[in-house]
Amino acid sequence: MNQLQVLKEYFGYDSFRSGQQEVVDALLKGRDVLAVMPTGAGKSICFQVPALLLPGITLVISPLISLMQDQVRELVEAGVPAAYLNSALTDAQYAHALRNAAAGKYKIIYVAPERLLTERFLAFVRRVQISLVAVDEAHCVSQWGQDFRPGYLQITQFTAGLDVRPTLAAFTATATETVKADIVRLLELKNPCEVVTGFDRENLFYEVRRPHSKKDELLKLLTRFPEESGIVYCSTRKAVEDVCTFLNDQGHPAARYHAGLTQEERQKNQEDFLYDRVAIMVATNAFGMGIDKSNVRFVIHFNMPKDLESYYQEAGRAGRDGAPAQCILLYNGQDVRTNKFLIEHGSDSGDALDEQTRQEVRKKDLERLRQMTFYSTTQRCLRHFILHYFDEKSPAFCNACGNCSAASEKRDITVDAQKILCCIRRTGERYGASLITSVLRGEDTERVRDLRLDKQSTYGALSALSQREVRERIQWLLESGCLCCSDGEYPTLSLGTAAPEVLFHGKTVQMRTVKTEQKLAAPKRQRPGSEIVHPELFERLRALRKKIAAKQSVPAYVVFTDATLRAMSEFMPTTEREMVGKVTGVGEKKLRRYGQQFLDCIQEYKSEMNNI
Ligand code: ADP
């Protein structure tokens, strides 16, 4: 079999997605790989396809037990011989799995990093051929990443101890240069083929809302997603408790997840969500890494996260199956203060760092928080903002985010801009946005008086504007290069390279503002192909999937993804051949196992339609 045949037969896909082919080619040739691909891009296929074609065993090192279990379950469902080795197994189960593995019964084995150097595991690997070691969530090796995991530092010692060095493949969704360099260095990747795919997730609709009452807004938003699965992220345990109780009281069954719950409750709530027994999960960021549920249709952030990396990763848990999904952030100013507090007081890996490094990390954290705040308040295209943040070129408007599709107007703010720039220049470019706003608005505060800023000629120059309106303008000027902002705890504003044009050469400044009162109740425009063609049939297929999944005790999306059901309801295949040919995600094993039941359901719907 070749790569494409494996892709079709086991996974039911006709072609590789962007980046996958390159990784598979490199691994099959025995070259190390560093792949940076966003959540949902399809990293697993990159090592699963080679694993089936290479001799011997592929080890997959993965940080989370739940992730391993899900992936193994999906692989077994697809007909791939796979197993996992972690602390969820009893001693007898572990021994049994190792015996099977030594007898060559598995092609893919998932293992926790902490197991690698145990005597038992080492004795096992000495007896078999390990062709490939795939390191999932490879950023866990770096203390600069968000999820540093000391166990990952043992990987090199493990591979170095093998008789024959296997090919190494590292996968992550975190793209910063420091983390990338750490991965290559600490995992000792040899001249790796570096594959970085685009960060754009076309099926995701991004939106930011700044409501007066977040709870009311949340209730309104949920009406967009009847019966759909979704996650509501909160920044603290207390907020999780509060929002979860609120939703349950309001008749929206929701489960909760945070580090303060017992292991049993977390496990139970997570499974209730995975198995679609409860539609909404309210959680802190402790929930998610490794949650493979592909039919999450919305991720709502009740609080703003601390940086865009976290936001992108958490929001990215929506729509992994490629079907349309929405990522909505509810923002207010308190979010910034909470995050600042968390940065100051809640150091995750802080104890392991020396004072100087800790200060540097803190400075970077504050800068990232500032960018996150910009995202939450920008009037520009949200997709463009995210892609730009990750250094990716993209059009200025996507026409498929909350800001692009909300009614907006262009306003000439040249005179206001000149006043702002003048004020910053004349006060010596040494103050931050809030003090500058106070001066421009002519506020009579102690700080303004102490610094004698009320004597400035620009004092009160924008007294007709509200605080928010001045801040909006300052932000616009920051984003358009007229202003710069220093790093650090107390960022100060200074003139940017584009400022002289506006101050001295008559360049006008046009600001686009969203008419908030007209912000849409639901996204007006989705990308083409996002509508469900036969919703009634789709619902029936979903119900059938649920029944089958319950019988087999697997999550529904393991049977077929939402994207596959959408394709079935669109193409309405009537034969097995058509099913495999037209519908993505139906591999040989699943076709044999479930094909007929789904074909019957489609056939029944079709005949009812014909009789109307
Ligand atoms: P990641 O680990 O990058 O977050 P996954 O490996 O979980 O992403 O894949 C996300 C989804 O995309 C899964 O539902 C997977 O089956 C699907 N997928 C992966 N590769 C392809 C492909 N070539 N064609 C269609 N769907 C794919």
Side-chain angles (χ1 to χ4, degrees), residues 38-40 199-226 228-235 243 252 280 282 296-305 307-320 322-333 335-336 371-390 394-409 468 472 475 479 512-528 530-531:
T39 310
F199 270 72
D200 192 13
R201 299 268 312 275
E202 289 204 357
N203 60 320
L204 298 187
F205 180 93
Y206 297 102
E207 187 175 3
V208 178
R209 298 190 145 238
R210 280 171 269 169
H212 290 299
S213 158
K214 289 191 178 186
K215 283 184 178 163
D216 289 349
E217 194 69 15
L218 180 59
L219 283 187
K220 257 191 262 164
L221 286 170
L222 289 179
T223 59
R224 287 186 189 174
F225 311 103
E228 302 278 20
S229 247
I231 306 174
V232 178
Y233 275 113
C234 301
S235 58
V243 172
H252 291 282
I280 303 170
V282 185
V296 173
R297 295 272 68 87
F298 65 91
V299 171
I300 296 176
H301 277 78
F302 195 80
N303 303 113
M304 178 185 80
D307 51 42
L308 259 175
E309 284 87 351
S310 311
Y311 181 67
Y312 184 78
Q313 200 173 52
E314 286 158 24
R317 294 187 180 121
R320 291 173 81 120
Q326 296 182 32
C327 310
I328 306 161
L329 170 64
L330 302 180
Y331 170 83
N332 68 23
D335 291 331
V336 182
Q371 294 296 333
M372 184 69 232
T373 314
F374 281 174
Y375 173 85
S376 309
T377 51
T378 187
Q379 311 276 337
R380 295 176 188 231
C381 171
L382 295 171
R383 188 180 308 276
H384 177 74
F385 193 103
I386 292 176
L387 294 177
H388 181 71
Y389 183 80
F390 291 115
S394 70
F397 298 100
C398 70
N399 284 323
C401 73
N403 287 358
C404 283
S405 55
S408 67
E409 55 190 2
R468 180 161 166 171
E472 252 172 32
Q475 198 192 325
E479 289 178 22
R512 217 174 132 264
T513 51
V514 174
K515 291 186 189 162
T516 31
E517 72 281 9
Q518 287 187 33
K519 260 202 161 185
L520 305 167
K524 206 197 265 170
R525 277 183 251 175
Q526 283 271 6
R527 298 197 176 213
S530 62
E531 309 79 29

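Model, not experiment: these values are computed from the prediction. Only heavy atoms go into these numbers, but all of them, side chains included; no hydrogens, no water, no symmetry mates.
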When you measure from the side chain of Arg383 to the backbone N and O of Leu204, does any donor-acceptor pair fall under 3.5 Å? yes
Nearest heavy atoms of Ile328 and Arg224, plus distance in Å: CD1-NH1, 3.4 Å
Ion pair Glu217/Lys220, N-O distance below 4.0 Å: yes
Give the intermediate values and the outcome of side chain to side chain contact (heavy atoms under 4.5 Å, CB included) for residues His301 and Asp335. CA-CA 11 Å; His301 277 78; Asp335 291 331; over 6 Å; no
So, does Ser376 use its side chain to make a donor-acceptor pair with the main chain of Met372 at under 3.5 Å? yes
Could you go step by step and tell me if Cys404 and Asn399 meet the side chain to side chain contact (heavy atoms under 4.5 Å, CB included) rule? CA-CA 5 Å; Cys404 283; Asn399 284 323; 4.3 Å; yes
Taking every heavy atom of Val208 against every heavy atom of Leu382, the minimum-distance pair comes out as N-CD1, 3.8 Å
His384 side chain vs Phe397 backbone, donor-acceptor pair below 3.5 Å: no
Indicate yes or no for a side-chain donor-acceptor contact from Arg297 to the backbone of Gly230 under 3.5 Å, with no hydrogens or angles considered. no
Side chains of Gln313 and Glu309: do they bring a donor and an acceptor to under 3.5 Å? no
Worked check of side chain to side chain contact (heavy atoms under 4.5 Å, CB included) between Thr378 and Gln475: CA-CA 7 Å; Thr378 187; Gln475 198 192 325; 3.7 Å; yes
Out of curiosity, Gln379 CD to Glu472 CD, how far, rounded to the nearest 0.5 Å? 4.5 Å
Taking Arg201 for its side chain and Gly319 for its backbone only, find out whether a donor-acceptor pair lies under 3.5 Å. yes
Please check this pair: side chain of Arg317 against backbone of Val299, looking for a donor-acceptor N/O pair closer than 3.5 Å. no
Within this structure, what is the SG-CZ distance for the pair Cys327 and Phe205, rounded to the nearest 0.5 Å? 10.0 Å
To the nearest 0.5 Å, atom CE of Met304 lies from atom OG of Ser310 at 10.5 Å
Compare all side-chain heavy atoms of Asn303 with those of Cys234 and state whether any distance is below 4.5 angstrom. yes
If we ignore hydrogens and angles and just use 3.5 Å, is the side chain of Arg209 paired with the main-chain N or O of Gly402 as donor and acceptor? no
Which value, rounded to the nearest 0.5 Å, describes the distance between Leu387 atom CG and Cys398 atom SG? 9.0 Å
Can you confirm if the aromatic rings of Tyr312 and Tyr389 lie within a centre distance of less than 6.0 Å? no
Within a 6.0 Å radius of atom NE2 on His252, are there more than 12 heavy atoms belonging to other residues, nucleotides or ligands? yes
